Asks: 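My questions will all concern the structure given below.
Numbers for residues simply follow the sequence, beginning at 1. Side chains are part of it too, since the values below use all heavy atoms of this structure and drop only hydrogens, waters and symmetry mates. Given the structure is predicted, the values throughout are model-derived calculations rather than measurements.
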Amino acid sequence: MSRIKSKKYTGVYQNKLKNGDTSYSINYKDEHGKKIWFTVGKKSEGITEIYAYNKRNEFINKMRLGEEPLSIRRKKKKKVITLNSIAEENYDLKALHNKNNKWSQRRYVMHVAPLLGNCDVRNITSEDIQKLQMLKSKEFAPKTVNHIIGELSTVLNYAVNKDIITSNPANKIKKIKVDNIRERYLSKDEIDKLLEYVKTDEQIYLFILLALTTGARVGALTKLTKRDIDLKNQMISILDEKNNERYRAFLCNEKLEVLLNKRLNAIKLDTPVLKENEANLYEQVKDKVSRVLNRLFNSGVTNSKHRVVIHTLRHTFASHLAINGTPIFTIQKLLNHKDINMTLRYAKLAPDSGRDSVKTLGF
């Protein structure tokens, strides 16, 4: 069913039905500026364009007088089906079929739920999603924003499949163009500057050392416990939630080992290493580190791909490995990348241009 705007009457739309009938709907903005859609009735029931237009004027006049039409009140009494309730069903169903969706569910909970989660899924528009996209693009890289909108689209598709909504409004949203030609990473001088700045905050100092030494994502580092760290063999077991598996990282930093040893002696086996109070650890670390990075490196930076964000610490780890001549497959293993193409972005930083290899041919 598609709406056809009336050429004669403002705010009136024809809806061609599959059975050949025509229904008429109207729209107008309520006192909060929210667009309201209302189906007046079908042509087979005697409804005409002029009747729908007069009904729209009636609604608008009553709204101006502080009244609300009975038909609208009845419509509002319908049970609200929130986006959060649809998302919960969607993720529960995936879990039932043994599909790992912790990563995607967390993305929804962190980025979508706070803004649209309590909205009736039937009232979410492409304009609402566009606002979400614009808001997130001020804080995150284009690729991350596309993942967020994609996650919302997945939940809305579930609502379509359940016949709760007729179409997915996210389908109208264009993806943001991703340009990964230049990857921002910290130089050694910038790393020294950062560590010097945070050295009085043990929690953040430890986090940054861990990030620069292991290349692990922020979510994985905030979940590290005493059980995951083997100081004797200088290894850490990292949980990669994105791929739902564990991989090994190596402890090769004397300052980090000293600090970890101090922490591990003071905590229980399953206590997060970075935990200091009852606050949400992930959000606490993310907020504190982001504020530091913005203050030190992002003043006046408008292009998102040149901004220093928490994920830049992972890029810094990989970039310096490449600069030091580490084979690309070793970097792939250390980052736990499943696709070598994700690692190849660092190949351009390798010092070996190929000249020395050509010289060995001896022709």
Asks: Do any N or O atoms from the side chain of Q332 and from the backbone of H337 form a donor-acceptor pair under 3.5 angstrom?
Replies: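 Indeed, once roles are kept as given, a pair shorter than 3.5 Å links the two residues.
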Asks: Going by the salt bridge (charged side-chain N to carboxylate O under 4.0 Å, His left out) test, which pairs reach into residues 146-163, not counting sequence neighbours?
Replies: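 Checked against salt bridge (charged side-chain N to carboxylate O under 4.0 Å, His left out) - neighbours excluded - the pairs reaching residues 146-163 are E89-K162, R107-E151.
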Asks: Can you tell me how far CG of L239 sits from CZ of R217, rounded to the nearest 0.5 angstrom?
Replies: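 Answer rounded to 0.5 Å: 11.0 Å.
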Asks: What closest approach, in Å, do I176 and S137 show between heavy atoms, and which atom pair accounts for it?
Replies: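 That closest heavy-atom pairing would be CD1-CB, 4.1 Å.
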Asks: Regarding R184 and T312, is there a side-chain donor-to-acceptor distance under 3.5 Å anywhere?
Replies: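 Their side chains do not contain a donor-acceptor pair, so the 3.5 Å distance test is not met.
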Asks: Nearest 0.5 angstrom please: E257 CD to L264 CG, how far?
Replies: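 Result: 11.0 Å between the selected atoms.
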Asks: Return the minimal non-hydrogen interatomic distance between K348 and R345, and the atom names on each side.
Replies: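 Looks like NZ-O, 2.5 Å.
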Asks: Among T125, D128, L152, I129, find the one that has a side-chain contact (heavy atoms from CB on, under 4.5 Å) with P169.
Replies: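 With P169 as partner, side-chain contact (heavy atoms from CB on, under 4.5 Å) holds for just one option, I129.
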Asks: Evaluate side-chain hydrogen bond (donor to acceptor under 3.5 Å, both in side chains) for Y197 paired with R295, printing each intermediate quantity in order.
Replies: CA-CA 10 Å; Y197 189 88; R295 190 174 296 120; 3.1 Å; yes
Asks: Would you say L293 ends up clustered with L296 if hydrophobic residues are merged whenever their side chains have heavy atoms under 4.5 Å apart, either directly or through other cluster members?
Replies: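 Yes, because L296 and L293 connect within a single hydrophobic cluster, where side-chain heavy atoms sit under 4.5 Å apart.
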Asks: Does the side-chain contact (heavy atoms from CB on, under 4.5 Å) test come out yes or no for K255 and Y205, once each step is laid out?
Replies: CA-CA 10 Å; K255 292 179 183 178; Y205 185 67; 3.6 Å; yes
Asks: Atom OG1 in T302, atom NZ in K138: separation rounded to 0.5 Å?
Replies: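 T302 atom OG1 to K138 atom NZ measures 14.0 Å (nearest 0.5 Å).
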Asks: Using the side-chain hydrogen bond (donor to acceptor under 3.5 Å, both in side chains) rule, take D21 and N19 through it: C-alpha gap first, then chi angles, then the decisive distance, then the call.
Replies: CA-CA 6 Å; D21 203 353; N19 62 6; 5.0 Å; no
Asks: Regarding K94 and Q105, is there a side-chain donor-to-acceptor distance under 3.5 Å anywhere?
Replies: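 No, because no side-chain N or O of K94 sits under 3.5 Å from a partner of the opposite role on Q105.
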Asks: Measuring only between side-chain heavy atoms, which start at C-beta, is Y24 closer than 4.5 Å to Y51?
Replies: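 Not touching, per the 4.5 Å side-chain cut-off.
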Asks: Within the 4.5 Å heavy-atom criterion, are E245 and N336 side-chain neighbours or not?
Replies: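 Yes - at least one pair of side-chain heavy atoms lies under 4.5 Å apart.
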Asks: Between Y282 and R106, is there a cation-pi geometry (under 6.0 Å to ring centre, at most 45° from the normal)?
Replies: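 Yes, R106 lies over the aromatic ring of Y282.
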Asks: Could you walk me through whether W37 and T39 satisfy the side-chain contact (heavy atoms from CB on, under 4.5 Å) test, starting with their C-alpha distance in whole Å, then the side-chain angles of each, then the deciding distance to 0.1 Å, before giving a yes or no?
Replies: CA-CA 7 Å; W37 282 95; T39 300; over 6 Å; no
Asks: Going by heavy atoms in the side chains, are R263 and K226 under 4.5 Å from each other?
Replies: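 No, their side chains stay 4.5 Å or more apart.
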Asks: Minimum heavy-atom separation for A249 and I238, please, with both atom names.
Replies: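 What the structure gives for the nearest pair is CB-CG1, 3.9 Å.
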Asks: Surrounding NZ of K43 (heavy atoms of other residues, nucleotides or ligands, distance under 6.0 Å), is the total greater than 12?
Replies: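 It does not: K43 NZ has 12 such atoms or fewer within range.
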Asks: If you take all heavy atoms of S126 and I173, which pair is closest and at what distance?
Replies: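 Shortest heavy-atom contact: O-CD1, 3.4 Å.
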Asks: Less than 4.0 Å between a side-chain N and a carboxylate O, is that true for D228 and K223?
Replies: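 No salt bridge links K223 with D228.
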Asks: Can you establish whether the number of heavy atoms outside K338 located under 6.0 Å from its atom NZ is more than 12?
Replies: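 Yes, the 6.0 Å shell around NZ holds more than 12 heavy atoms from other groups.
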Asks: Is it true that the side chains of Q130 and Q133 contain a donor and an acceptor less than 3.5 Å apart?
Replies: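 Note: Q130 and Q133 side chains meet the donor-acceptor criterion.
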Asks: Kindly work out whether a path of hydrophobic side-chain contacts (I/L/V/M/F/W/Y, heavy atoms less than 4.5 Å apart) joins V109 to L135.
Replies: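 They do share one cluster, since a chain of ILVMFWY contacts under 4.5 Å joins V109 to L135.
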Asks: Taking atom CE of M134 as the centre, report whether more than 12 heavy atoms of other residues, nucleotides or ligands fall under 6.0 Å from it.
Replies: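 No, CE of M134 has 12 or fewer neighbouring heavy atoms, counting only those of other groups under 6.0 Å.
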Asks: Is there a side-chain contact (heavy atoms from CB on, under 4.5 Å) between L156 and L83? Walk through the geometry before answering.
Replies: CA-CA 8 Å; L156 291 171; L83 182 66; 3.9 Å; yes
Asks: How far apart are the closest heavy atoms of V285 and I310, and which atoms are they?
Replies: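 Heavy atoms of V285 and I310 come nearest at O-CD1, 4.4 Å.
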Asks: How far does CD1 of I36 sit from CD1 of I60, to the nearest 0.5 angstrom?
Replies: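 The CD1 atom of I60 is 11.5 Å from CD1 of I36, to the nearest 0.5 Å.
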Asks: For N15 and S25, which heavy atoms make the closest approach, and how far apart are they?
Replies: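 Of all heavy-atom pairs spanning N15 and S25, the closest is ND2-OG, 3.1 Å.
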Asks: At what distance, to the nearest 0.5 angstrom, does CZ of R122 lie from OG1 of T166?
Replies: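 The distance works out to 12.0 Å.
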Asks: Can you tell me if R56 uses its side chain to pair, donor with acceptor, with the backbone of N27 under 3.5 Å?
Replies: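 Checked: pair present.
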Asks: I'd like to know if E196 and K193 make a salt bridge, using a cut-off of under 4.0 Å between side-chain N and carboxylate O.
Replies: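 Salt bridge: no.
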Asks: Hey, is OH on Y185 packed in by over 12 heavy atoms from elsewhere, all under 6.0 Å?
Replies: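 Not buried by this count: 12 neighbours or fewer within 6.0 Å.
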Asks: Can you tell me how far apart CG (L186) and CG (D192) are? Round to the nearest 0.5 Å.
Replies: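 Going from CG on L186 over to CG on D192, the span is 10.5 Å.
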Asks: Quick check on R248: does its CZ atom have over 12 non-hydrogen neighbours (other residues, nucleotides or ligands) under 6.0 Å away?
Replies: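 At most 12 heavy atoms, drawn from other residues, nucleotides or ligands, come within 6.0 Å of this atom.
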Asks: Check the side chains of E276 and Q284 for a donor-acceptor pair under 3.5 angstrom, ignoring hydrogens and angles.
Replies: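 Side-chain D/A pair, Q284 to E276: absent.
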Asks: Taking C-beta and beyond as the side chain, do P272 and T222 meet within less than 4.5 Å on heavy atoms?
Replies: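 No, too far: nothing below the 4.5 Å cut-off.
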Asks: Please tell me whether F317 and F297 are part of a single hydrophobic cluster in this structure, the criterion being side-chain heavy atoms less than 4.5 Å apart.
Replies: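 No, no single cluster joins them.
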Asks: Go through the steps for R307 and N294 under the test side-chain hydrogen bond (donor to acceptor under 3.5 Å, both in side chains), then give the verdict.
Replies: CA-CA 8 Å; R307 290 177 62 81; N294 285 334; 2.9 Å; yes
Asks: Measure the shortest side-chain to side-chain distance between V218 and F207 over non-hydrogen atoms and say whether it is less than 4.5 angstrom.
Replies: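 Yes, at least one pair of side-chain atoms sits under 4.5 Å.
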Asks: Can you classify the ring geometry of Y346 versus H315 as parallel (below 30°), tilted (30 to 60°) or perpendicular (above 60°)?
Replies: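 It falls in the tilted class, 30° to 60°.
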Asks: Answer whether the closest heavy-atom distance between the side chains of L206 and L260 falls below 4.5 Å.
Replies: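 A side-chain contact exists here, since the closest heavy-atom pair is under 4.5 Å.
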Asks: Establish whether L313 and L335 are linked, either directly or via other cluster members, by ILVMFWY side-chain heavy-atom contacts under 4.5 Å.
Replies: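 L313 does not cluster with L335.
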Asks: Do I149 and K175 make a side-chain contact, defined as non-hydrogen atoms from C-beta onward lying under 4.5 Å apart?
Replies: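 They are not in side-chain contact.
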Asks: Do other residues, nucleotides or ligands put more than 12 heavy atoms under 6.0 Å from the NZ atom of K42?
Replies: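 No - once you tally the heavy atoms of other residues, nucleotides and ligands closer than 6.0 Å, there are 12 at most.
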Asks: Quick one, F140 with H111, criterion ring-ring contact (aromatic ring centres under 6.0 Å, His included). Give me CA distance, side-chain angles, the key distance, then yes/no.
Replies: CA-CA 11 Å; F140 298 100; H111 301 292; 4.9 Å; yes
Asks: Just do the side-chain contact (heavy atoms from CB on, under 4.5 Å) check on K55 and I47 with the steps written out, would you?
Replies: CA-CA 11 Å; K55 183 62 67 175; I47 304 300; over 6 Å; no
Asks: Assess whether atom CZ of F250 is packed by more than 12 heavy atoms of other residues, nucleotides or ligands within 6.0 Å.
Replies: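 Correct, the count exceeds 12.
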Asks: How far apart are the C-alpha atoms of K35 and E127, what are their side-chain angles, what is the distance that settles it, and do they pass the salt bridge (charged side-chain N to carboxylate O under 4.0 Å, His left out) test?
Replies: CA-CA 10 Å; K35 185 180 285 187; E127 287 81 5; 5.2 Å; no
Asks: Checking the side chain of S290 only, and the main-chain atoms of K286 only, is there a donor and an acceptor separated by less than 3.5 Å?
Replies: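 Yes.
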Asks: Is any side-chain heavy atom of T154 closer than 4.5 Å to one of S104?
Replies: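 No; the side chains remain at least 4.5 Å from each other.
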Asks: Do the charged groups of R291 and D287 touch, with an N to O distance under 4.0 Å?
Replies: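 The answer is yes: the pair qualifies as a salt bridge.
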Asks: Please answer: with hydrophobic residues joined when any side-chain heavy atoms are less than 4.5 Å apart, are L209 and I229 in the same cluster?
Replies: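 Yes, it is one cluster - the side chains of L209 and I229 are joined through contacts under 4.5 Å.
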